[in-house]
Amino acid sequence: MSKKTLGDQTFVFAKVWSLLFLGGYSLKVLEERIKQDGVVLPGNVLKVNQFLNHQIDPQLMYEIGQEFERLFKDEAVTKILTVEASGIAPAIMAGLVMDVPVVFARKKKPSTLDSDVYAAEVYSYTKKVTNTISVDQKFLSETDRVLVIDDFLANGQAVLGLLEICRQASAHIVGAGVVVEKSFQDGAKLIKERGVRLESLARIASFEDDKVHFVGE
């Protein structure tokens with residue numbers, strides 16, 4: 001049996017186990033997929049472009065959306081807010097399951113966007129650049145109950161920028177949902193210090209020996 005076939009069977013088993021015994025999607029399925037297809041690169045970088053943020057596994061992404069819906073179903077969410085580009089896939093699936101609109105912050109202001117925007121500066125530690133993200137003011141208001149969603153949480157700058165945009169709109173923030181959290185970096189702490197509920201589906205404790213180790217292992 002090939003290594004790939006064995007890995008596929010392990011992922012399917014974890015998925016079936018979670019559906020039968022946990023009543024739905026569990027972070028264990030996501031953890032198994034990260035171990036199967038994720039690649040640890042220098043600088044504490046995890047490459048998951050096989051299934052999450054370049055090539056996308058639609059079924060897995062749909063189940064991620066279902067899990068966010070399960071976690072925040074009692075929060076009466078009216079809008080989901082994310083940032084382009086990698087946050088759009090999990091956000092749109094959560095929006096589909098929750099039946100609410102998805103708004104994404106743009107990193108570059110298009111010529112068709114009006115001057116009336118909410119904006120925040122976001123520094124990327126990976127790319128070493130600062131982007132100004134923006135959302136048209138007509139898509140967020142003080143009557144909205146906003147769930148912020150992103151694919152990765154490391155230093156937390158993208159999520160903090162989205163929280164700032166919500167603050168400018170006077171929207172109520174019900175929480176932040178993250179697909180993969182690097183718990184050994186400061187992002188989670190910074191978000192929780194602001195009194196925001198944080199739910200991360202997979203929490204990475206370290207990349208010791210170039211392997212992914214999850215919190216609680």
Side-chain angles (χ1 to χ4, degrees), residues 2-15 18 25-68 80-97 102 104-108 122-131 133 148-159 161-162 176-188 198-215 217:
S2 70
K3 183 177 180 181
K4 183 178 186 300
T5 301
L6 181 61
D8 290 343
Q9 289 183 349
T10 300
F11 174 66
V12 171
F13 174 79
K15 180 175 175 180
S18 69
Y25 179 82
S26 79
L27 62 81
K28 191 66 178 176
V29 179
L30 180 59
E31 289 178 356
E32 291 295 337
R33 191 61 182 273
I34 291 170
K35 286 187 174 181
Q36 175 184 320
D37 292 326
V39 179
V40 178
L41 300 176
N44 288 326
V45 175
L46 176 64
K47 190 174 182 181
V48 287
N49 63 357
Q50 285 279 352
F51 61 94
L52 184 60
N53 56 18
H54 191 37
Q55 175 173 273
I56 295 172
D57 181 332
Q59 182 60 46
L60 176 61
M61 199 63 70
Y62 179 63
E63 290 166 350
I64 286 170
Q66 289 180 308
E67 178 67 356
F68 282 135
I80 291 174
L81 178 64
T82 190
V83 63
E84 63 174 354
S86 299
I88 294 176
I92 202 73
M93 287 302 187
L96 176 65
V97 177
V102 176
F104 69 89
R106 296 179 179 271
K107 291 181 180 177
K108 291 184 178 179
V122 172
Y123 179 73
S124 170
Y125 285 86
T126 304
K127 298 180 180 178
K128 309 298 182 187
V129 296
T130 298
N131 293 303
I133 62 172
V148 170
I149 285 182
D150 206 4
D151 62 334
F152 262 91
L153 176 63
N155 293 291
Q157 298 305 297
V159 173
L162 294 173
V178 175
V179 180
V180 181
E181 172 193 315
K182 296 179 184 177
S183 299
F184 57 89
Q185 293 183 258
D186 292 335
L198 174 64
E199 298 287 352
S200 302
L201 304 190
R203 298 172 62 213
I204 297 173
S206 74
F207 292 134
E208 187 178 354
D209 298 325
D210 293 330
K211 295 180 180 179
V212 179
H213 302 274
F214 293 101
V215 173
E217 285 188 337

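Numbers here are sequence positions counted from 1.
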ask   = If you measure from CG on L30 to CZ on R203, what distance do you get to the nearest 0.5 Å?
value = 13.5 Å
message = What I'd like to find out is whether the side chain of F152 reaches to under 4.5 Å of the side chain of L46, using heavy atoms alone.
response = yes
ask   = Say you draw a straight line from CG of D150 to OG of S86; how long is it, rounded to the nearest 0.5 Å?
value = 8.0 Å
key: Neighbour count >12 (heavy atoms, 6.0 Å) for atom NE2, H54   = no
ask   = So which heavy atom on A89 is nearest to which on M61, and how close?
value = O-CG, 3.7 Å
ask   = Considering only heavy atoms from C-beta outward, does the side chain of V215 approach that of E181 to under 4.5 Å?
value = no
inquiry  = Quick check: closest heavy atoms across I204 and V180, and the distance to 0.1 Å?
reply    = CD1-CG1, 3.6 Å
key: Value rounded to 0.5 Å, distance of CD1 in I80 from CE in M93   = 12.0 Å
query = Is there a donor-acceptor pair under 3.5 Å between the side chain of E84 and the backbone N or O of K107?
reply = yes
note = Separation between CD (Q157) and CG (N131), nearest 0.5 Å, reads 12.0 Å
ask   = For F207, what residues pass the ring-ring contact (aromatic ring centres under 6.0 Å, His included) criterion, not counting sequence neighbours?
value = F184
task = Look at the side chain of Q55 and the backbone N and O of N49, then say whether any donor-acceptor pair between them is shorter than 3.5 Å.
result = no
key: Taking every non-hydrogen atom, the tightest pair across K182 and V45   = NZ-CA, 3.9 Å
task = Could you tell me which non-hydrogen atom of A91 sits nearest to which non-hydrogen atom of V102, and how far apart they are?
result = O-CG2, 3.4 Å
task = Show the numbers, then the answer: is there a side-chain contact (heavy atoms from CB on, under 4.5 Å) between Y62 and L96?
result = CA-CA 9 Å; Y62 179 63; L96 176 65; 4.1 Å; yes
Results of salt bridge (Lys or Arg N to Asp or Glu O under 4.0 Å) for D151 - residues two or more places apart only = none
task = Answer yes or no: is there a side-chain heavy-atom contact under 4.5 Å between I92 and T82?
result = no
message = Show me the pairs that pass salt bridge (Lys or Arg N to Asp or Glu O under 4.0 Å) and involve residues 35-46, at least two apart or across chains.
response = R33-D37, K35-E217
Main-chain N/O of H213 paired to S206 side chain as donor or acceptor, under 3.5 Å = no
ask   = Which pair of heavy atoms, one from F68 and one from A94, lies closest together, and at what distance?
value = CB-CB, 4.2 Å
message = Are L153 and L198 packed together at the side-chain level, in the sense that at least one heavy-atom pair is separated by less than 4.5 angstrom?
response = yes
ask   = Can you tell if the side chain of V179 reaches within under 4.5 Å of the side chain of L52, non-hydrogen atoms only?
value = yes
remark   = d(F51 CZ, L60 CG) to nearest 0.5 Å is 6.5 Å
message = Contact between I133 and F104 at the side-chain level, heavy atoms closer than 4.5 Å - yes or no?
response = no
note = side chain to side chain contact (heavy atoms under 4.5 Å, CB included) with V97: of E63, Q66, E67, only one passes, and it is Q66
